[in-house]
Undergrad: 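Here it is, the structure, as structure tokens.
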Amino acid sequence: MNIKKLLSGAMAFDIDKSLGRVWRGLSPASKTAFFTAFAAAFFTHLYFFASHFINEDSINYFLRPSADVQSARWLDNLFLDLRFNYSPPFLIGFLVMLFVALAAPFACYVLGVRGKGAAAAVGLFMATFPAIAYTNSYLYAADGYFFGMFLSVLAVAVTKRFKWGFLPGAVILMLSLACYQAYITVTLGLCVFSLILVCLDEASAPRAALSRLWRYLALGGLGVGLYYVSVRVTTALSGVELLDYKGISDMGKISLGELPRQILSAYTQTLGMLRGRFYPMPLAVKLIVALVGLISLALIVRVIVTRGLYRKPLSLIAVFALLALSPLAFHAIPVLMPQADFTMLLVYGFVTPFLFAAALADAFGLPKLLRSASLAALIALALYHGTVTEVYYHRVSTFNTRTFALNERILARMEPLLEHSPQRRVALLGPLRNEYYDSAAHRFENIFTGFDQGYWGPFIGMNSASDDVTRKFVNYADSFFGMRLERATPEEIETLTALSADMPVWPEEGSVAVIDGVIVVNLQ
């Protein structure tokens with residue numbers, strides 16, 4: 001090997017020229033989608049990352065996040081290692097914004113979006129969809145989650161671009177699932193809507209549709225298969241078993257007897273989303289959603305009529321069959337993980353039908369009036385989603401302020417008693433149920449209407465059983481106040497619960513006392 005020649009060739013590499021060629025090679029739609037998504041993500045979510053709010057799970061991982069292979073999300077450890085097992089909010093926030101912005105151009109490519117207006121709508125929608133705000137509240141894992149979302153889009157783009165692209169695409173899909181399994185709905189949704197667009201193009205169907213169909217099927221089958229193998233390997237190497245939690249250990253195991261109910265659930269939950277079941281949707285917003293749907297349907301009918309697709313029954317059947325089956329793609333969770341508790345973490349796949357609407361408005365040389373009306377409705381809906389996100393972050397801020405103040409008052413009452421408990425063992429007997437505090441909860445609407453499990457109440461960490469409340473209080477005291485306390489054992493807490501039956505309830509005098517060497521706070 002001629003080392004001198006090799007080195008001279010490396011020195012001749014001009015990174016500026018190379019980046020310039022890459023930049024010039026990007027389509028205007030790709031640039032528009034990227035910058036629109038990044039700007040929208042920046043202005044929508046910066047407040048959260050600049051404030052470093054926490055939710056129920058974040059109390060456990062505020063200083064030392066943890067992710068292990070027991071949750072079958074082994075790739076998340078990469079991000080934890082790179083940031084030294086801490087949760088720096090601005091770094092995580094930048095990565096979240098970057099991954100969302102990078103996903104937008106690839107989504108445009110998969111759906112054939114070429115116009116700047118449609119690309120802007122795609123970027124806006126992907127950056128403001130309310131599921132992002134909820135996912136961000138799990139700050140310690142948000143960057144890993146959205147890296148998985150980006151990979152879920154990239155896998156489809158690579159598969160579409162190359163004849164054998166499903167091979168690298170399957171590896172990318174495996175890595176996406178290893179970050180967070182729920183983003184397979186984004187992959188499935190993009191695949192289905194991409195196929196519909198191909199079927200509507202009489203110049204390429206059905207040969208192109210069949211070619212893309214088998215590649216997408218290979219992508220899904222091989223990618224999921226590789227993921228299951230990777231999970232088995234990582235759990236075996238780590239000497240652990242998958243958690244029996246929210247169906248993680250049983251994911252992908254489909255019961256034929258339960259399948260009809262699970263399929264029906266996917267459709268009913270899709271209708272629920274359109275009716276505002278998951279986040280507040282005033283009548284005006286429901287009308288906008290209905291308008292987008294009607295215009296999209298009108299555009300599909302127009303393509304069928306003007307291009308004579310009604311004379312091609314196979315293409316026609318394929319279009320409407322795929323439309324009918326699409327909820328089983330972009331909301332496949334009830335089928336793939338029926339035991340999972342439904343939360344906003346699982347619904348980002350719902351973004352794909354709206355991206356499809358933007359692609360429809362951009363394709364086939366459709367009338368300018370309908371195209372403009374559809375894009376305007378989509379942009380208005382994306383802006384509303386930004387408003388939902390800001391209200392949610394305001395709620396999160398309020399709950400964090402209340403939690404800090406409550407823990408501060410509890411610690412102030414406990415400190416004079418520490419001399420009687422040299423081991424600093426504590427037990428909080430919860431959950432917090434005093435009417436004085438319950439009344440405060442009703443002054444702030446649950447912005448995600450029952451699916452916001454990251455915040456079970458206005459006092460974070462005070463809403464569950466005694467052992468869990470005690471654990472979260474100890475972690476909170478360590479993270480925010482620098483007080484090293486010790487948790488009473490579950491057996492001690494059970495005994496203390498019986499002994500404290502006559503204790504006053506917080507915040508009454510005597511609700512904090514030392515019993516058998518343990519500082520007890522009676523929240524019940």
Undergrad: If the condition is ring-ring contact (aromatic ring centres under 6.0 Å, His included), which residues does F147 pass it with, not counting sequence neighbours?
TA: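 F147: ring-ring contact (aromatic ring centres under 6.0 Å, His included) contacts with F79, F99.
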
Undergrad: May I ask you to check whether Y134 and Y138 place their ring centers less than 6.0 Å from one another?
TA: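 Yes: the rings meet the under 6.0 Å criterion.
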
Undergrad: Does D478 use its side chain to pair, donor to acceptor, with the backbone of V474 at less than 3.5 Å?
TA: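 Not at all, since once roles are kept as given, no pair shorter than 3.5 Å links the two residues.
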
Undergrad: For atom CZ of F43, is the number of surrounding heavy atoms from other residues, nucleotides or ligands below 6.0 Å larger than 12?
TA: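 Open: at most 12 neighbouring heavy atoms sit under 6.0 Å from CZ of F43.
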
Undergrad: Once ring-ring contact (aromatic ring centres under 6.0 Å, His included) is applied, do any residues pair with F481, and if so which ones, sequence neighbours excluded?
TA: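 ring-ring contact (aromatic ring centres under 6.0 Å, His included) check on F481 returns F404.
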
Undergrad: M97 and F42: which non-hydrogen atoms are nearest, and at how many Å?
TA: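 Shortest heavy-atom contact: SD-CA, 3.7 Å.
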
Undergrad: Hey, what's the ring geometry for F146 with Y348, parallel, tilted or perpendicular (30° and 60° as the breaks)?
TA: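 Perpendicular, since the angle between the ring planes exceeds 60°.
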
Undergrad: Would you call the rings of F38 and F34 parallel, tilted or perpendicular, where under 30° means parallel and over 60° means perpendicular?
TA: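 Answer is parallel, since the angle falls under 30°.
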
Undergrad: Under the ring-ring contact (aromatic ring centres under 6.0 Å, His included) rule, collect the residues that match up with F90, sequence neighbours excluded.
TA: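 Result, ring-ring contact (aromatic ring centres under 6.0 Å, His included) vs F90: none returned.
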
Undergrad: Within this structure, what is the CD1-OG1 distance for the pair I54 and T403, rounded to the nearest 0.5 Å?
TA: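 Atom-to-atom, I54:CD1 and T403:OG1 are 7.0 Å apart.
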
Undergrad: Is it true that a side-chain atom of T128 and a backbone atom of A382 form a donor plus acceptor pair closer than 3.5 Å?
TA: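 Here the side-chain-to-backbone pair exists.
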
Undergrad: Strictly distance-based, threshold 3.5 Å: is any side-chain N or O of T470 a donor or acceptor partner for the main-chain N or O of V426?
TA: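 Between the backbone of V426 and the side chain of T470 there is no qualifying donor-acceptor contact (under 3.5 Å).
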
Undergrad: Nearest heavy-atom pair of A329 and V192: which atoms, and what distance?
TA: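 Smallest interatomic distance, heavy atoms only, reads CB-CG2, 3.6 Å.
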
Undergrad: Taking atom CG of L173 and atom CD1 of I184, what is their separation to the nearest 0.5 Å?
TA: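 Interatomic distance, L173 CG to I184 CD1, rounded to 0.5 Å: 5.5 Å.
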
Undergrad: Is the backbone N or O of G461 less than 3.5 Å from a side-chain atom of E56, with the two atoms forming a donor-acceptor pair by type?
TA: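 Yes, because the side chain of E56 sits within donor-acceptor range (under 3.5 Å) of the backbone of G461.
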
Undergrad: What pair of heavy atoms forms the shortest contact from L496 to A427, and how long is it?
TA: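 Shortest heavy-atom contact: CD1-CB, 3.9 Å.
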
Undergrad: Can any side-chain N or O of T234 pair as donor or acceptor with the backbone N or O of V231 at less than 3.5 Å?
TA: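 Yes, the answer is positive, given that a donor and an acceptor are paired below the 3.5 Å cut-off.
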
Undergrad: When you measure from the side chain of S479 to the backbone N and O of Y476, does any donor-acceptor pair fall under 3.5 Å?
TA: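 Between the backbone of Y476 and the side chain of S479 there is no qualifying donor-acceptor contact (under 3.5 Å).
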
Undergrad: Short question: side chain of S397, backbone of Y393 - any donor-acceptor pair under 3.5 Å?
TA: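 Not a single qualifying donor-acceptor pair exists.
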
Undergrad: Do the side chains of N407 and M462 get nearer than 4.5 Å, heavy atoms only?
TA: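 M462 reaches N407 side chain to side chain.
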
Undergrad: By side-chain hydrogen bond (donor to acceptor under 3.5 Å, both in side chains), which residues pair with S230, not counting sequence neighbours?
TA: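 Expected list: W74.
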
Undergrad: Can you name the residues that form a side-chain hydrogen bond (donor to acceptor under 3.5 Å, both in side chains) with T270, not counting sequence neighbours?
TA: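 Result, side-chain hydrogen bond (donor to acceptor under 3.5 Å, both in side chains) vs T270: none returned.
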
Undergrad: Quick check: does any side chain N or O of T44 sit under 3.5 Å from a backbone N or O of A41, one acting as donor and the other as acceptor?
TA: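 No, the answer is negative, given that no donor and acceptor are paired below the 3.5 Å cut-off.
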
Undergrad: Check whether the ring centres of F53 and Y47 lie less than 6.0 Å apart, and answer yes or no.
TA: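 Yes; Y47 has its ring centre under 6.0 Å from that of F53.
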
Undergrad: Indicate every side-chain donor-acceptor pair of residues 278-295 with a distance under 3.5 Å to a residue at least two apart or in another chain.
TA:
from : atom 1 : to   : atom 2 : distance (Å)
Y279 : OH     : H385 : NE2    : 2.7
K286 : NZ     : R275 : O      : 3.2

Undergrad: Kindly indicate whether the side chain of L429, heavy atoms from C-beta on, has any atom under 4.5 Å from the side chain of L523.
TA: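 No, side chains not in contact.
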
Undergrad: Okay, side chain of T187, backbone of S152: is any donor-acceptor separation there less than 3.5 Å?
TA: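 Checked: pair present.
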
Undergrad: Could you tell me which non-hydrogen atom of L151 sits nearest to which non-hydrogen atom of I172, and how far apart they are?
TA: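 What the structure gives for the nearest pair is O-CG2, 3.3 Å.
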
Undergrad: Check whether Y180 reaches the backbone of L346 with its side chain - one donor and one acceptor, N or O, closer than 3.5 Å.
TA: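 No; zero donor-acceptor contacts below 3.5 Å.
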
Undergrad: With rounding to the nearest 0.5 Å, note down the distance linking CE in M503 to CD in E508.
TA: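 One finds 10.5 Å between CE of M503 and CD of E508.
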
